[in-house]
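Structure first, then comments.
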Amino acid sequence: MPELGKGLAGKVADEVGQAIASGQHAPGDVLRTDDLAERFGVSRTVIREAVQALQAKRLLRSTQRVGLTVRPVQEWHLYDTDVIRWRLAGPERITVLDELSELRAAVEPTAAAAAARHADRTMRTKLLERSARMRAAAAEGDRTSFLEADVDFHRLVLAMSGNPLFAQLAPVTEELLRGRAALKLLPTAPDPADADRHDAVAVAVASGDPGRAEVGMRAVVAESLEDIHMRLGARRGE
């Protein structure tokens, strides 16, 4: 699904999407375009464009007799990056984090093993470069550079798998990684041990060892989920 535009219609769609994802507008609720136009102080044309964007993401259903109805969560385009962002900002964020982590656990270890089998020398070298960037950022305590290198690393692994279905999940992984940062569910400084885990995956892929690549990536994903829950638990205990 395309991301929202940056114009007025995109801003309206973003606010309505967040309201739906937060439960402010529950499944089955009916939204009226006139009410939305009045609420946001915009024209019907703007509302129509915003509604079309939300319909494309399957958050809204339009019927002639009823109008705009909020769809059940199961019908949404849950891999859409805007939908992921809205859900992570909502009250069900812990459930969403678990769902995304389970998806990663099911896909990324297999993708790493496939990358070890299929990737060419150039791609293997690029992956080693990404892990080196993570190590350098961890050594410097640079959270921003570490996150960017982390996103690049996982995007590259999925692409290297040779499976286009895996590759198209890269934005989902990216949204999870960036979502953790936005929710302050990352260490205050990059963890060198996390860089080491990624480096182990890169070395296994570069050496053409599918078994070690899969085990290594499984450790990366498992540690990520464990760390998320540790930080959430600490936050609840404050």
Side-chain angles (χ1 to χ4, degrees), residues 78-81 84-85 88 95-139 142-183 185-187 189-231:
L78 296 176
Y79 290 170
D80 181 276
T81 54
I84 293 171
R85 177 169 54 82
L88 284 173
T95 298
V96 177
L97 286 166
D98 281 343
E99 291 170 353
L100 292 171
S101 296
E102 286 176 5
L103 178 64
R104 290 187 68 195
V107 171
E108 291 196 49
T110 302
R117 286 193 296 269
H118 303 307
D120 60 29
R121 181 177 297 178
T122 299
M123 297 294 278
R124 295 172 196 267
T125 299
K126 286 183 178 180
L127 191 63
L128 289 169
E129 290 171 353
R130 299 302 189 277
S131 67
R133 280 171 49 198
M134 292 184 71
R135 287 201 314 277
D142 187 339
R143 292 176 59 185
T144 300
S145 295
F146 189 89
L147 175 60
E148 294 305 319
D150 195 7
V151 168
D152 286 347
F153 183 95
H154 290 280
R155 181 189 299 120
L156 187 56
V157 168
L158 291 166
M160 290 170 67
S161 71
N163 186 327
L165 296 175
F166 287 174
Q168 288 195 16
L169 287 175
V172 176
T173 294
E174 178 174 353
E175 203 60 44
L176 172 59
L177 293 172
R178 296 194 187 282
R180 283 187 67 190
L183 294 170
L185 293 173
L186 288 172
D191 183 1
D194 193 22
D196 290 343
R197 283 187 289 272
H198 284 76
D199 196 54
V201 175
V203 170
V205 170
S207 62
D209 189 331
R212 275 201 303 135
E214 181 173 353
V215 169
M217 185 62 86
R218 202 169 297 284
V220 166
V221 177
E223 177 60 29
S224 173
L225 181 58
E226 183 178 331
D227 188 70
I228 288 171
H229 280 279
M230 181 271 292
R231 294 179 189 286

**OP:** Using the side chain to side chain contact (heavy atoms under 4.5 Å, CB included) rule, take L78 and E99 through it: C-alpha gap first, then chi angles, then the decisive distance, then the call.
**Re:** CA-CA 10 Å; L78 296 176; E99 291 170 353; 5.8 Å; no
What closest approach, in Å, do [X] and [Y] show between heavy atoms, and which atom pair accounts for it?
X    : Y    : answer
D199 : S131 : OD1-OG, 3.0 Å
I84  : Y79  : CD1-O, 3.8 Å
A114 : S161 : CB-O, 3.6 Å
A138 : P190 : CA-CB, 3.7 Å
R143 : P187 : NE-O, 3.6 Å
F166 : A111 : CD1-CB, 3.8 Å

**OP:** List the steps and the verdict of side chain to side chain contact (heavy atoms under 4.5 Å, CB included) for L177 and L147.
**Re:** CA-CA 8 Å; L177 293 172; L147 175 60; 4.1 Å; yes
Original post:
Hey, is R218 close enough to E214 for a salt bridge, meaning N to O under 4.0 Å?
Top reply: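 Yes, charged N to carboxylate O under 4.0 Å.
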Subject >> Charged N-O contact under 4.0 Å between E148 and R130 >> reply: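 No, this pair does not count.
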Between [X] (side chain only) and [Y] (backbone N and O only), is there a donor and an acceptor less than 3.5 Å apart?
X    : Y    : result
R124 : V205 : yes
T125 : R121 : yes
H198 : D194 : yes
R155 : A170 : no

About how many Å separate [atom2] of [Y] and [atom1] of [X], when rounded to the nearest 0.5 Å?
X    : Y    : atom1 : atom2 : value
M134 : D150 : CE    : CG    : 4.0 Å
L103 : D98  : CG    : CG    : 12.5 Å
M160 : K126 : CE    : NZ    : 10.0 Å
E223 : D191 : CD    : CG    : 7.0 Å
L158 : T110 : CG    : OG1   : 10.5 Å
L97  : E102 : CG    : CD    : 11.5 Å

Original post:
Out of R178, H154, E108, which one pairs with T173 under the side-chain hydrogen bond (donor to acceptor under 3.5 Å, both in side chains) rule?
Top reply: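 Exactly one candidate clears the test, E108.
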Original post:
Among L156, L128, V157, which one satisfies side chain to side chain contact (heavy atoms under 4.5 Å, CB included) with M123?
Top reply: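 Passing option: L156.
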Original post:
Under the side chain to side chain contact (heavy atoms under 4.5 Å, CB included) criterion, do L169 and L165 qualify, and how do the steps go?
Top reply: CA-CA 7 Å; L169 287 175; L165 296 175; over 6 Å; no
Original post:
In this structure, are over 12 heavy atoms from other groups packed under 6.0 Å from Q168 atom CD?
Top reply: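 Counting neighbours around CD of Q168, 12 or fewer heavy atoms of other residues, nucleotides or ligands fall under 6.0 Å, so no.
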**OP:** Verify side chain to side chain contact (heavy atoms under 4.5 Å, CB included) between V220 and S224, making sure each step is shown before the conclusion.
**Re:** CA-CA 6 Å; V220 166; S224 173; 5.7 Å; no
